[in-house]
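Have a look at the structure below, then the notes.
These figures come from a predicted structure and were not determined experimentally. Residue numbers begin at 1 in each chain, while the letters A, B, ... track the order of the sequences.
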Amino acid sequence: YRLFPGEPKWKKNTLTYRISKYTPSMAAADVDKAVEMALQAWGSAVPLTFVRVTSGEADIMISFESGDHGDSYPFDGPRGTLAHAFAPGEGLGGDTHFDNAEKWTMGTNGFNLFTVAAHEFGHALGLAHSTDPSALMYPTYKYQHPYGFHLPKDDVKGIQALYGPRKT
Amino acid sequence: APSPPAATPRTSRNNYHLAQAYLDKYYTRKGGHQLGEMAARGASSLVKKIKELQAFFGLRVTGKLDRSTMDVIKRPRCGVPDVAN
């Protein structure tokens with residue numbers, strides 16, 4: 001696993017998230033579910049709790065965006081770049097954007113939102129890309145089945161290096 | 001010996017442009033190049049980045065846009081760079 005330079009991390013254990021813009025390619029309820037499950041994948045390994053808010057500024061602002069969307073990292077249309085997220089911090093820190101030009105899905109007919117969201121939230125929590133092909137934080141897309149998903153070892157090591165293990 | 005397929009030059013030119021855009025996006029450190037790198041811009045800089053990509057993805061480090069490297073470049077992926085900014 002790899003961390004970002006300076007090893008940015010959240011200095012609190014309860015983080016808020018808000019889905020501010022949805023995609024037309026999926027039902028809003030499915031987006032909510034995929035996001036919740038993706039955050040929980042990380043929350044099961046470290047002492048972090050995620051609380052959803054529906055208004056105002058959250059720590060992790062989540063949105064589906066098209067092309068140039070004002071953060072200097074424009075999306076490129078179908079395929080190519082699927083999403084990106086910013087390392088922990090104020091303002092854009094933690095924010096997670098998905099390319100609206102992709103076909104998002106809960107299954108395998110398109111890009112699985114849980115898979116991509118779980119990867120991006122790794123960045124939002126402070127993990128950079130891993131060189132381990134079995135890691136969730138590997139840069140290229142590889143479908144992960146959302147139900148019964150467990151974080152690969154490399155990702156557990158990485159996130160626990162930042163936040164410590166969750167006490168059972 | 002068999003001659004290469006007619007499409008080869010165009011394919012390799014397309015690959016070159018595709019690779020250049022990919023490497024600029026995911027293998028460029030923002031905030032300026034190191035002094036040694038300033039003198040070695042252009043082709044050698046591209047080769048260096050190709051090698052960096054190949055090392056990251058566990059490929060054979062050749063500095064060339066071989067098939068396995070192009071396969072990686074064409075995969076859908078996360079937009080966060082692989083080298084640290």
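- Contacts of residues 59-69 of chain B with chain A at a heavy-atom distance below 4.5 Å are absent; not one residue qualifies.
- Neither the backbone nor the side chain of A/A87 comes within contact range of chain B; no heavy atoms are under 4.5 Å apart.
- Cation-pi geometry between A/K103 and A/F111 is not met at under 6.0 angstrom from the ring centre and within 45 degrees of the axis.
- Counting heavy-atom pairs under 4.5 Å between each of B/D82, B/V72, B/I73 and chain A puts B/D82 at the top.
- Aromatic ring orientation, A/Y73 versus A/F86: perpendicular (interplanar angle above 60°, classes split at 30° and 60°).
- A/Y138 touches chain B through its side chain: at least one heavy atom from C-beta onward sits under 4.5 Å away, while N, CA, C and O do not.
- Only the side chain of A/D76 comes within less than 4.5 Å of a heavy atom in chain B; its backbone stays farther off.
- Annotation: A/Y17 is not in aromatic contact with A/F50 [ring centroid separation under 6.0 Å not met].
- A/K33 NZ: 12 or fewer foreign heavy atoms inside a 6.0 Å radius.
- Judged purely by atom type and a 3.5 angstrom limit, A/T115 uses its side chain to pair as donor or acceptor with the backbone of A/Q144.
- For chain B, no part of A/E102 is nearby; none of its heavy atoms comes within less than 4.5 Å.
- With a 4.5 Å cut-off on side-chain heavy atoms, A/M106 and A/P146 do not count as touching.
- Proximity to chain B (any heavy atom under 4.5 Å) is restricted, for A/A83, to the backbone atoms N, CA, C and O.
- With a 6.0 Å cutoff to the six-membered ring centre and a 45° limit on the axis angle, B/R77 does not count as a cation-pi contact of A/Y141.
- No close placement of the A/H123 and A/H84 rings is indicated, their centers lying 6.0 Å or farther apart.
- There is no side-chain donor-acceptor pair under 3.5 Å between A/S130 and A/D132.
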